[in-house]
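Okay, so here's the structure we're looking at.
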Amino acid sequence: MWPTTKEINRVSERDRTRQNGAKIDPIKVNLDVEARRKESGDTSDNGGNWPHPPEAARRVPQSWSRAKPFLVAAICGVGLLEPQVAHASPPPAADPNAPVTRRGQLSPYEKDTLARISRERHLERETEPHGKILEEVLIERLEVLDESDPLPGFAKSALNALHTTSRDFVVRREVLLHPGDVWNDAVVEETGRNLRKLFDFSLALAVPMKGSSPDKVRLLVVVKDIWSLRFSYDLALGKGGLQSIVLQPSESTFVGIHNATSFTFKQLPLSREYGLANKIPRIGKSYIGASVAASVIFNRRTGDSEGTNGAVSVGQTLYTTRTPWAWSVGTAWSTSVSRRYVDGIQGTYDAKETPEKDNIPFEYLQRNLVNSFGITRSFGWRNKVDFTFGGEYNRRMYRSHNLEGFSPAAVAEFEKNVVPRTDIRIDPIARIHIYQNNFYRLTDVETLALQEDFRLGYDFWFQVYPVQKAFGSTRSFLGLYGAAQYTVPLGNGIARAGIESTHEVQLDAIPDASVTGTLRVVTPKFKIGRLVFDALVLNRYRNYLNRYDFLGGEGRLRGFPTSGFRGKDAAVMNVEFRSRPIDIASVQIGGVLFYDAGNVTDSLAAIRPYQSTGAGVRLLFPQLNRTVFRTDLAFPLTRPLPSGTGPVGFFVSFEQAFAFGKVGPDAESPRDRRTTGAPLRVDTAHVF
């Protein structure tokens, strides 16, 4: 026999201190009420149903009528910008040390989905869940094709039958709040972030719903799978034709547990690569994950094998913000021919020391291997400090090949200016990471209509790695890495500035040193869109290892030849106007106007920026991917046009042209936009 609302309130009043500070056992509350009933002789039964909130609890307070004029004035006063009241920080959680998440508005696509599920389940949104007891976690696993998609019903059923929906326990395992717990906004927000980050969900929402009594709340978790059996692809088209193509048939939700298996075919102008990969985000019921990938590369002209690439890793991440320990072990290798392509044609090198045009093929052999391990101890919740200790064996070997018949002077210059230096290092690593764990949840930044999470506040990294010849390294030095980043909200936009520096110091010299500065500003939304500004400056003022970057093509400098410019230093700037997305049959469509400027050279002081402008289209198919598909039409503005540059460039690719970067020794930086997130990287040159 269940207690009435009046009886629960009486018991709750007596146990108020327990509600504010500790978990309440609903069974004990029920027994207390039963005892009171027996004492009073009450034998009535309400049929085993939890009572609904009294009518008075559902009425709109009288204070609403007094607040209405102020609310109307606030809405009218924001002009062209969206109302910012929806983006205020939530009320503080019970724990003052808990992280805070600023919430942006849901996109129309997300609002419609949530409203439909609420109607079907007869649920009502809870606007004041704080301090209430979680009585139930409801998991709603949507099919890839649901009511919002325009296909006929029989077609949806047939296509959905080919996809295995995520299993209930897979989603429920990531829910960090459990029945009987006191509601905590920080924990619920982290649940949503983890689901969006870990799995291939186009939609992942965690929303409070009214409970069966005024002091209780339900948690509704909504996830929508991305089509798991899919044929992904990525291609780059330029003036020279097809520059690269990647085809990847994959199964990303194997039997509903999100083990991902894929086959990859990658074709460049002179090589083909075939690879297999498997990723297990959670092994069994543990929080340990593993991944393995391997590929074989063949020369397109001769058919001979040119090498292999691969990586194997296993470890346990800081899977929640309160997880104390993490660890990882991994290896990665790359045995291949590294080539430079300019607009789909292999680049050449012309030595300054020789009068004739040398046309040395821009390629060299690389044999790279990285083995590493690390153990992390994490402290804090809102204000975090992570200590990591680990070790690394890093072997990078490079040499030229097939240069018979070229001038010895030209070959010597090519090897000096183009081929990176061989370097072997065996070293321990000590690292400290100090950061705030507050987040801002936005839409329409990178993925048009889906939720995105951005960490706010300060972010500092410090790392030291002593390298000694006595342990098998090619040289002795002390490596120092430092980085600082700060992120602030701008209404329903965001801004981030960062700086990172690496110094490798010997007793008598500093052979390698670099500084990178980045700035990203995403303005608040206007009625028709928003502006995105991004800038990067890189100065390698010591470059013993002969590292360099490329610029041009479909990324940072659209309209110019792909990888058309090469240098050790870089300065680039991008401005985009991104329209609001339009929903057409659940497909999100947006437009872009852009201006690009930048260059890479061997001296930062000598940089003279190239400029281009243009327009593009962005498409998001939430049934298939969280990544946007884009086409850009670019017009170089710099005159005279550099050699090999046409009056117009057309590019087709995936992802935004420049990513929302972050600092960190293992983070994907803005210049590593094409890196796929592998824990170990063995490349030397990057393409902006």
Side-chain angles (χ1 to χ4, degrees), residues 266 268-273 294-311 331-342 345-354 356-372 392-427 467 469 471-477 479 504 506 511-512 514 540 542-550 563 566-568 600 602 675 680-687:
K266 180 179 181 181
L268 298 174
L270 295 180
S271 65
R272 288 194 180 101
E273 184 174 355
S295 62
V296 181
I297 306 168
F298 295 93
N299 187 291
R300 291 181 61 188
R301 290 175 177 171
T302 65
D304 296 334
S305 174
E306 288 190 342
T308 63
N309 293 319
T331 183
W333 71 91
S334 175
T335 304
S336 60
V337 179
S338 179
R339 296 183 177 93
R340 177 192 183 185
Y341 297 105
V342 179
I345 301 173
Q346 184 177 19
T348 58
Y349 182 84
D350 183 28
K352 297 179 180 179
E353 297 295 327
T354 57
E356 67 276 5
K357 196 168 183 64
D358 300 286
N359 289 328
I360 297 177
F362 202 110
E363 64 181 44
Y364 52 83
L365 298 176
Q366 61 178 13
R367 301 289 185 268
N368 299 336
L369 174 65
V370 179
N371 299 321
S372 68
E392 180 182 67
Y393 171 82
N394 190 331
R395 185 198 70 196
R396 299 170 183 263
M397 303 179 67
Y398 308 93
R399 66 178 179 86
S400 60
H401 77 134
N402 295 336
L403 296 184
E404 297 81 3
F406 293 98
S407 165
V411 171
E413 183 179 320
F414 174 82
E415 293 177 340
K416 176 183 177 182
N417 295 336
V418 173
V419 181
R421 291 181 184 269
T422 292
D423 190 57
I424 300 175
R425 57 183 66 179
I426 304 172
D427 58 277
V467 179
K469 293 180 66 175
F471 297 107
S473 302
T474 54
R475 54 200 177 105
S476 297
F477 64 87
E504 296 184 346
Q506 295 178 350
D512 277 286
S514 65
R540 291 191 179 99
R542 296 288 189 273
N543 193 26
Y544 168 81
L545 292 178
N546 205 20
R547 294 189 173 109
Y548 48 83
D549 292 294
F550 298 114
S563 302
R566 171 184 174 271
K568 67 179 184 65
V600 290
D602 289 333
T675 302
L680 302 171
R681 294 198 297 270
V682 295
D683 50 339
T684 298
H686 306 283
V687 180

Notebook entry, point to check: Can we say Arg339 and Glu306 salt-bridge, meaning some charged N sits less than 4.0 Å from an Asp/Glu carboxylate O?
Noted result: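 Glu306 and Arg339: salt-bridged.
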
To the closest 0.5 Å, what do you measure between [atom1] ([X]) and [atom2] ([Y])?
X	Y	atom1	atom2	value
Thr335	Ile297	OG1	CD1	8.5 Å
Arg300	Ser271	CZ	OG	8.0 Å
Tyr364	Ser400	OH	OG	11.5 Å
Gln506	Ser476	CD	OG	8.0 Å

Beyond-backbone contact of [X] with [Y], side-chain heavy atoms, under 4.5 angstrom:
X	Y	value
Asn546	Tyr398	no
Leu403	Ile360	yes
Glu392	Asn371	no
Phe414	Ser407	no
Asp304	Phe298	no
Thr331	Leu369	yes
Arg395	Ile424	yes
Tyr544	Glu504	no

Next item on the list: Go through the structure and list residues passing side chain to side chain donor-acceptor pair (under 3.5 Å) with Gln346, not counting sequence neighbours.
Entry: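 Per chain and number, Gln346 pairs via side chain to side chain donor-acceptor pair (under 3.5 Å) with Glu363.
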
Item checked: All side chain to side chain contact (heavy atoms under 4.5 Å, CB included) counterparts of Ile426, not counting sequence neighbours ->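 Per chain and number, Ile426 pairs via side chain to side chain contact (heavy atoms under 4.5 Å, CB included) with Tyr393, Ser473.
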
Note to self: Tell me every residue that passes side chain to side chain contact (heavy atoms under 4.5 Å, CB included) with Thr348, counting only those two or more places apart in sequence or in another chain.
What the structure shows: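 Scan of Thr348 (side chain to side chain contact (heavy atoms under 4.5 Å, CB included), adjacent residues dropped) gives Asn359.
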
Item checked: Pairs flagged by salt bridge (Lys or Arg N to Asp or Glu O under 4.0 Å) wherever residues 404-417 is involved - sequence neighbours left out ->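 Those involving residues 404-417 do not exist here.
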
Check: Who are the salt bridge (Lys or Arg N to Asp or Glu O under 4.0 Å) partners of Arg272, not counting sequence neighbours?
Finding: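 Applying salt bridge (Lys or Arg N to Asp or Glu O under 4.0 Å) to Arg272 gives none.
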
Item checked: Partner residues of Asp423 under the salt bridge (Lys or Arg N to Asp or Glu O under 4.0 Å) criterion, sequence neighbours left out ->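 Partners of Asp423 by the salt bridge (Lys or Arg N to Asp or Glu O under 4.0 Å) criterion, ordered by chain and then number, come out as Arg425, Arg475.
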
Next item on the list: Flag yes if more than 12 heavy atoms outside Arg399 fall under 6.0 Å of its CZ atom; otherwise flag no.
Entry: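 No, because the 6.0 Å sphere around CZ of Arg399 holds 12 heavy atoms or fewer from other groups.
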
Note to self: Please find the pair of heavy atoms, one from Arg540 and one from Asp549, that lie closest to each other, and give the distance.
What the structure shows: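 Result for this residue pair: NH1-OD2, 2.9 Å.
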
Margin query: On the six-membered ring of Phe550, is Arg340 placed so that its NZ or CZ lies under 6.0 angstrom from the centre and within 45° of the ring axis?
Written below: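 So Arg340 doesn't make the cation-pi contact.
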
